[in-house]
Amino acid sequence: MELGGSYLTAKHRLQTNSRSIRRMSESVRTRFAPSPTGFLHVGTARTALYSYLFARRNGGQFVLRIEDTDTGRNVADSAAGIVDGLRWLGLDWDEGYLKGGPQGPYVQTERLDRYHAAVNALVAHGDAYLCYCTNEELEQRRQAAQAAGRPPGYDGHCRQLRPAQVRAYEAEGRKPAVRFRLPDKGETVVEDLIRGTVPFDNATLTDFVILRANGIPTYHFSAVYDDVDMGITHVIRGEDLFPSTPKHVHVFRALGRPTPPAFAHLPLIVGADRRKLSKRRDKVSVQQFRDEGYLPEAMVNYLALLGWSLDDHTELFSLADLERVFSLERVSRNPAAFDIKKLDALNGHYLRQLPPASFAARAWPFVEAAAFPQADQDLLARAAPLVQERVNHLTEVAGMVGFLFTDQVELDQAAAAKVLTDDGRAFLAEAAARLDKTDPWTAAGIEATLRGLQTERGLKPKTAFQPVRLAVTGRLVSPPLFESMELLGKPRCLARLDRAASASG
RNA sequence: GCCCCCAUCGUCUAGUGGCCUAGGACACCACCCUUUCAAGGUGGCGACGCGGAUUCGAACUCCGCUGGGGGCACCA
């Protein structure tokens with residue numbers, strides 16, 4: 001069978017252009033198809049978010065499929081990390097892994113029979129052929145081609161093997177892989193919702209393996225097969241897959257789907273160095289952000305803005321907001337640098353916006369982890385309004401409220417040297433005496449007492465209050481002083497004032 | 001080496017021929033508020049990579065250059 005020539009004539013292109021219009025009436029189905037790496041990568045998470053949002057926005061379904069065909073790299077139960085991250089972000093899927101559905105199973109290594117049947121059919125039709133080349137031979141020829149200035153792709157060595165050669169290879173004990181046959185001439189047009197129409201010269205495309213010698217398909221086959229089988233209408237994925245798309249277009253056609261799904265290739269997320277996010281250089285795990293005190297609300301909002309915008313001024317979006325306004329048309333085409341400062345600002349915003357009780361509940365695990373002797377959830381709840389607007393991460397809370405949960409407060413030495421002068425200690429002693437008579441023990445009462453003393457002594461507020469702050473909290477930077485003292489309680493405050501007042505300078 | 005994508009403040013972006021002396025956000029700086037630190041408020045710094053072409057008029061269209069990124073596996 002002759003496969004040369006252009007697959008897409010002008011007439012075909014017209015048809016594909018009208019495709020997007022027809023699709024509007026079909027039910028949208030998107031999928032998120034990660035390989036199980038043990039954790040959810042932020043770039044992958046954004047892809048999941050956009051796929052989820054597009055499905056929701058269009059009243060469609062969102063499918064979760066696990067692509068574990070790289071068996072050497074799979075770690076036991078590593079899909080759990082992906083699921084964990086998705087759930088934390090609030091991205092629920094309609095069918096797929098762990099949920100089942102009509103097109104299951106949704107784990108690729110559990111679908112091997114289907115792939116084998118499909119590959120056999122492709123071979124029978126001449127769309128694919130057995131390849132007996134070994135890795136060594138392939139590598140050798142690749143290098144030779146490179147050296148000679150030719151493209152490094154497959155050279156078509158096994159395209160037309162004679163029966164005698166096949167028998168000889170089999171006699172050697174070689175196990176064949178299966179390669180997909182690509183046309184040598186013409187062009188393949190990729191229609192992309194974000195990048196537009198991009199023609200690829202078929203001469204630059206080379207036959208690729210779809211079924212390994214070990215019987216497991218490669219990504220380029222299983223992903224396409226499953227997208228057909230699962231009725232995926234929109235393939236939303238990272239731009240790194242864009243160069244593979246013309247190959248996929250041919251597989252779609254060979255599998256009986258002449259018009260492939262709509263493609264949307266998202267710009268890559270890069271690090272501060274402008275390069276693809278790297279596990280080594282960058283913080284890339286969504287779970288790591290969670291563990292470092294980021295809110296899923298902030299993460300979702302930030303990821304949504306990394307490569308997409310609604311207009312020239314709206315920046316704050318809840319997941320529910322996004323489900324109503326997201327569109328692929330407004331996705332940017334240039335790579336976006338991950339800016340932790342902006343994430344921090346967003347996180348601070350969402351932290352401040354939380355009802356105090358909810359803030360306390362979310363902060364509690366972090367405070368608990370700090371293992372204070374007198375950690376107290378109720379006290380944390382009362383302190384919440386004081387610390388809420390002062391932190392950008394939940395991890396900062398413990399350091400800020402620690403003085404409430406232990407009586408072993410250590411005074412910052414440098415600060416003590418600066419502030420606990422003779423005058424400072426004298427002020428503390430007198431403050432303790434007057435505070436002893438302050439009743440009721442409220443922030444207002446405490447403030448009245450201390451301001452009275454400060455005015456009497458003719459001191460500047462800062463000069464008077466910083467020693468008190470240090471005595472009570474151990475630091476020069478703390479939540480508001482009077483409110484903190486109210487929360488701490490009179491006996492503990494007085495003990496701390498006395499101790500600092502009598503501390504040897 | 002070959003193929004593809006991209007190009008507005010440091011960063012994320014708005015902008016689809018005149019509404020642009022280019023808007024917003026983060027960051028940064030200053031001031032205000034203030035018991036510290038924050039938060040908040042006000043103001044400031046700060047960009048259309050370069051060269052051609054089209055046009056009465058280009059950030060916006062076309063070409064070239066430069067720069068950046070991605071891909072070329074029996075990885076995904």
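Using a 4.0 Å heavy-atom distance criterion, A:L476 is classed as a base contact. The residue A:P267 sits apart from the nucleic acid: no heavy atom pair falls under 4.0 Å. Across all strands shown, A:G307 has heavy atoms under 4.0 Å from sugar-phosphate atoms exclusively, and none from any base. Here A:F200 lies in heavy-atom contact (under 4.0 Å) with sugar-phosphate atoms only. The residue A:T314 sits apart from the nucleic acid: no heavy atom pair falls under 4.0 Å. Residue A:R330 is in sugar-phosphate contact alone, with no base atom involved, counting any heavy-atom pair closer than 4.0 Å across all strands shown. Residue contacts for A:V178: at a heavy-atom cut-off of 4.0 Å it reaches no nucleic acid atom on any strand shown.
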Could you run through nucleotides 38-46 of chain B and give me one letter per nucleotide, 5' to 3': B if any protein heavy atom sits under 4.0 Å from the base, S if only the sugar-phosphate is that close, - if neither? BSS------
Classify every nucleotide of nucleotides 61-76 of chain B by which part a protein heavy atom approaches to under 4.0 Å, writing B for the base, S for the sugar-phosphate alone and - for neither, in 5'-to-3' order. --------SBSBSBBB
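Judged by closest nucleotide on RNA chain B, A:R195 is the one of A:R195 and A:P461 placed further toward the 5' end.
Distance noted for atom C1' between B:C75 and B:A22: 44 Å (whole Å). Rounded to whole Å, the separation between the C1' atoms of B:G10 and B:A58 comes to 27 Å. B:A47 and B:U11 are spaced 12 Å apart, taking the P atom of each and rounding to whole Å. Taking atom C1' in both B:A25 and B:A14, one finds a spacing of 11 Å when rounded to whole Å. Only the C1' atoms considered, B:C12 is 33 Å distant from B:A53, to the nearest whole Å. Rounded to whole Å, the separation between the P atoms of B:C62 and B:U16 comes to 16 Å. Comparing B:G23 with B:G46, their C1' atoms sit 14 Å apart, to the nearest whole Å. When the C1' atom is used for both B:G15 and B:C9, the distance is 14 Å, rounded to whole Å.
Between A:R333 and B:C12 there is no side-chain polar atom (N or O) within less than 4.0 angstrom of OP1 or OP2. Of the side-chain N and O atoms in A:N334, one or more sit less than 4.0 angstrom from OP1 or OP2 of B:U8.
Out of B:C12, B:A27, B:U35, the shortest distance to the side chain of A:L481 is found at B:U35. Listed candidates were B:G24, B:A14, B:U36. Nearest to the side chain of A:S478 is B:U36. Residue A:Q466 places its side chain closer to B:U36 than to any other of B:A14, B:U36, B:C4. Closest to the side chain of A:R469, out of B:A27, B:U35, B:A14, is B:U35.
Checked against a 6.0 Å centroid threshold, the rings of A:F208 and A:Y154 do not count as neighbours. Taking the six-membered ring where the residue is Trp, the centroids of A:F221 and A:F180 are separated by 6.0 Å or more. For an aromatic pair to be called close, the ring centres must be under 6.0 Å apart, and A:Y302 with A:Y350 fails this. Here A:W93 and A:Y106 keep their ring centres 6.0 angstrom or further from each other.
Residues from residues 443-459 of chain A lying near RNA chain B, meaning a heavy-atom separation below 4.0 Å, are A:R451 in numerical order.
For A:E396 and B:C37, the CD to P distance is 16 Å, given to the nearest whole Å. Rounded to whole Å, the distance from CG on A:D311 to C1' on B:A14 is 8 Å. Counting to the nearest Å, the C1' atom of B:U16 and the CG atom of A:D312 are 14 Å from each other. For the pair A:N301 CG and B:C12 P, the computed distance is 17 Å after rounding to whole Å. Atom-to-atom, CH2 of A:W308 to C1' of B:A25 comes out at 14 Å; the value is rounded to the nearest Å. The nearest whole Å value for the distance from the CD1 atom in A:I340 to the P atom in B:A25 is 21 Å. Separating the CG atom of A:L316 from the P atom of B:U13 is a distance of 17 Å, rounded to the nearest angstrom. Atom CG in A:L205 sits about 11 Å away from atom C1' in B:C4, given to the nearest Å.
In this structure, A:E329 has no salt bridge (charged side-chain N to carboxylate O under 4.0 Å, His left out) partners at least two apart in sequence or on a different chain. Legend: residues meeting side chain to side chain donor-acceptor pair (under 3.5 Å) with A:E486, ordered by chain and number and at least two apart, are absent.
No hydrogens or angles considered: nothing links the side chains of A:R111 and A:Q108 as a donor-acceptor pair under 3.5 Å. Residues A:R469 and A:S478 have side chains that bring a donor and an acceptor to within less than 3.5 angstrom of each other. Checking A:Y115 against A:D229 by side-chain atom types alone, no donor-acceptor pair falls below 3.5 Å. Side chain to side chain, A:T421 and A:D423 fail the donor-acceptor criterion of an N or O pair below 3.5 Å. Looking at A:E139 and A:Q143, their side chains do bring a donor and an acceptor atom within 3.5 Å of each other.
Pairing for B:U61 is with B:A53, a Watson-Crick or G-U wobble pair whose two hydrogen-bonding atom distances lie under 3.5 Å. The partner of B:G67, taking Watson-Crick or G-U wobble pairs whose two distances both stay under 3.5 Å, is B:C6. In this structure B:A25 sits in a base pair with B:U11, meeting the Watson-Crick or G-U test at under 3.5 Å. Pair assignment for B:A47: none, as no Watson-Crick or G-U wobble contacts are both less than 3.5 Å. B:C20 is unpaired under the Watson-Crick or G-U wobble criterion, no partner having all donor-acceptor distances under 3.5 Å. The partner of B:U34 cannot be assigned: no Watson-Crick or G-U wobble pair with both contacts below 3.5 Å exists in any strand.
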Only pairs under 3.5 Å count here: list side-chain donor-acceptor contacts from residues 340-348 of chain A, not counting sequence neighbours, and write none if there are none.
| unit_1 | atom_1 | unit_2 | atom_2 | d |
| --- | --- | --- | --- | --- |
| A:K342 | NZ | A:E315 | OE1 | 3.2 |
| A:D344 | OD1 | A:Y294 | OH | 2.5 |
| A:D344 | OD1 | A:H393 | NE2 | 2.8 |
| A:N347 | OD1 | A:L295 | N | 2.8 |
| A:N347 | ND2 | A:G293 | O | 3.2 |
| A:N347 | ND2 | A:N392 | O | 2.6 |

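Taken to the nearest 0.5 Å, the CG atom of A:L487 stands 10.5 Å off from the CZ atom of A:R492.
Within 6.0 Å of the NZ atom in A:K283, the count of heavy atoms belonging to other residues, nucleotides or ligands exceeds 12.
Side-chain contact between A:F338 and A:L303 is present, with heavy atoms from C-beta onward closer than 4.5 Å.
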